Amino acid sequence: MELLGQFNYWVFIVLMMTGFYVVIARGNLVKKIVGLNIFQASVFLFYISMGKIFGGTAPILIEGADDTVIYSNPLPHVLILTAIVVGVATTAVGLSLVVRINEAYGTVEEDEIQQLDEET
Amino acid sequence: MSVAAHLPALQVALPLIAAPLCSLLRRPGVAWGFATLVSWVVLVIAALLLAQVLSEGTLIYEMGGWAAPWGIIYEVDTINAFMLLIVAAIGAIVTPYARHTVTAEVPAEQHNLFYAAWLLCLTGLLGIAITGDAFNVFVFLEISSLSSYVLIAASNDRRALTAAYQYLVLGTIGATFYLIGVGLIYMMTGTLNISDMAERLPDVANTRPIRAAAGFITVGIALKFALFPLHLWLPNAYTYAPSAVSAFLAATATKVSIYVLLRFEFVVFGVDIGIANFHFSEFLMPLCVLAFLAGSTVAIFQNDVKRLLAYSSVAQIGYMVLGVSFYSLDGMTAGIVHLFNHAMIKSALFMVMGCIMLRVGSVQIKDLHGIGRHMPWTMFAFVLGGLSLIGVPLTVGFISKWYLILGALEEGGYGFAIAAAVLISSLLSVIYIWRVVEVAYFKPSPHGAAEITEAPLGMLIPTWLLIGANIYFGVQTDLTVGVARQAAALLLGIDL
């Protein structure tokens, strides 16, 4: 029960490690960016999970409601909106670098680029 | 309200607003002039802030009038005022210098965008230093990082693209680790304000999320400031970036990240909390020693002078963090003063390389034969900068090493071994600086080298300004060591 109750956090860790593995293990520059994206997305889930509590409702004041109403914390959600924007910007810069690498080297495979660099 | 009251906000807002305006200035010279003007105003603001902090103590600026811990506040104390001055001063010197090298290395139609990214990078670095909010640090970290990826890739060498890509991947991993760490702290304390965190943390200090947060933040930030063995992105990035970008980033980007480390290890995770005997120095100190021994050794075998200087940077980062990891007033003073000193040394040396790149078109050691006769002023600047890097008396390098060795000796026991390692590393730096000086002065110039002329004044003046600062602050240490000591005392919670 304890383990299942923290289901969200397990998903976060699995996604994080999956993304991290893809970044390290793949030689294709586009795939690396995708891995980086999964890695960042896992953190979004982490922040979203921590703002939510069982039985918590949207953080909008309800008129006439008693004190027993529980609200979810909106702040992590707002924070993660910013982090999503940062993530999108990073992906955009990363992919545009890949486009330019492809123009300059004619390939997006890491080992082939390394070979081309060694030849010159 | 007078303008003076809004200086902390202006410090960041000015370059931030100037950046998009700069991208509209299509004429290369105009974009450069505008960026230079902004960088000078930024320096004036930073100097005023430091003066204000030194006379009145910590400044708190509430963004939009929202009080902490709900609003974002800018908290300027001795440490960040000093960091702001370092970043702003390097910005104000390197921006005017950039004109000739950027004209030579970046296509003219991209100059407006280049200087816009330049100002954004400056914004990010200043923002990291000034803000008092942990999440805000992340945002500024990404502003500075994203713009520095663009700046590095602006070079005409295609290897710069892969270097920028590599930096992007590792930099993003570092920043995301930091984000996870901040998230974990927020979970446990419910605040993002750094001083507020420090107050609330003792209650939950001995919990697993906080320990995990300390790990994530330390490793993430260490990736950003390229602590050995997380330095893999640094040599390529500094080698292939446009010369002006190398000079600017080498002096500022890693320093600001070290400042973030200081903030977290000493203010948030606190000296006296010592989370379950978790002292980051225990595992950072050996890495620092490895960093400067390995960095200096690898630097000796480099044939590209920019790459040589980059590996030397890896070594110097080792010195800075080593000083900090002693947890003593002298050690900490050494670490902080070296942030400032190394910024001046490395920036000056990279600027010299920019001059050589402009005139010779290469910074390979084999292409520098006899260059000392064709570019006497440039090479003499390299000699003085090199002496400062080695740590010869009357230069700033000596001041840093002096305090570092004092700090090491205070530790007793293993401190002697560390002091010896510092000396060995300094001797190694004599070798790599000498390799360059030897070919430049004592080898005959190759045929066709006669046309090589001295670098333009627009580049020599900023370079010599920094070299002059190297000597000036090597003799007159009141400002640098005095401020660094105050900052160290503040971090360690000691009253001077």
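Note that the coordinates shown come from a computational prediction; the quantities given were computed from them, not determined experimentally. Every chain is numbered from 1 and lettered A, B, ... according to where its sequence line falls, protein lines coming before strand lines.
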Candidate polar pairs, chain A side and chain B side, donor-acceptor under 3.5 Å:
| from | atom 1 | to | atom 2 | distance (Å) |
| --- | --- | --- | --- | --- |
| A:L29 | O | B:Y165 | OH | 2.5 |
| A:Y47 | OH | B:L179 | O | 2.8 |
| A:Y47 | OH | B:G183 | N | 3.1 |
| A:N73 | ND2 | B:Y186 | OH | 2.8 |
| A:A104 | O | B:R158 | NH1 | 3.0 |

Practice prompt. Test side chain to side chain contact (heavy atoms under 4.5 Å, CB included) on A:M50 and B:L184 and set out the steps.
Written response: CA-CA 9 Å; A:M50 83 173 129; B:L184 287 165; over 6 Å; no
Worksheet item: Under a 4.5 Å cut-off applied to non-hydrogen side-chain atoms, are B:L192 and A:L75 in contact?
Response: yes
Practice prompt. Could you tell me the separation between the CD1 atom of B:I173 and the CZ atom of A:F20, rounded to the nearest 0.5 Å?
Written response: 4.5 Å
Worksheet, complete the sentence: Max heavy-atom pairs within cutoff under 4.5 Å with chain B, candidates A:V23, A:I33, A:L29, goes to A:L29
Discussion item. Taking side chain to side chain contact (heavy atoms under 4.5 Å, CB included) as the definition, give me every residue that meets it alongside B:A19, ordered by chain and number, with sequence neighbours left out.
Written reply: B:L119, B:L120
Worksheet item: Considering all heavy atoms of both residues, which atom of B:A153 and which atom of A:L97 are nearest to each other, and what is their separation?
Response: CB-CD2, 3.5 Å
Practice prompt. Scan for salt bridge (Lys or Arg N to Asp or Glu O under 4.0 Å) pairs involving residues 74-83 of chain A, sequence neighbours excluded, and state none if there are none.
Written response: none
Worksheet item: Using non-hydrogen atoms only, which part of B:V169 is less than 4.5 Å away from chain A: side chain, backbone, both, or neither?
Response: both
Worksheet item: So which of A:V43, A:V86, A:I101, A:I80 has the largest heavy-atom pair count under 4.5 angstrom toward chain B?
Response: A:I101
Worksheet entry | From CA spacing to verdict: side chain to side chain contact (heavy atoms under 4.5 Å, CB included), B:L168, A:L36 | CA-CA 10 Å; B:L168 179 131; A:L36 207 58; 4.2 Å; yes
Worksheet item: Given side chains that start at C-beta, do those of B:V182 and A:L79 come closer than 4.5 Å, heavy atoms only?
Response: no
Discussion item. Applying ring-ring contact (aromatic ring centres under 6.0 Å, His included), can you list everything that pairs with B:F138, at least two apart in sequence or on another chain?
Written reply: B:F135
Worksheet item: What part of A:V93 is in contact with chain B, defined as an atom under 4.5 angstrom from a non-hydrogen atom: side chain, backbone, both or neither?
Response: both
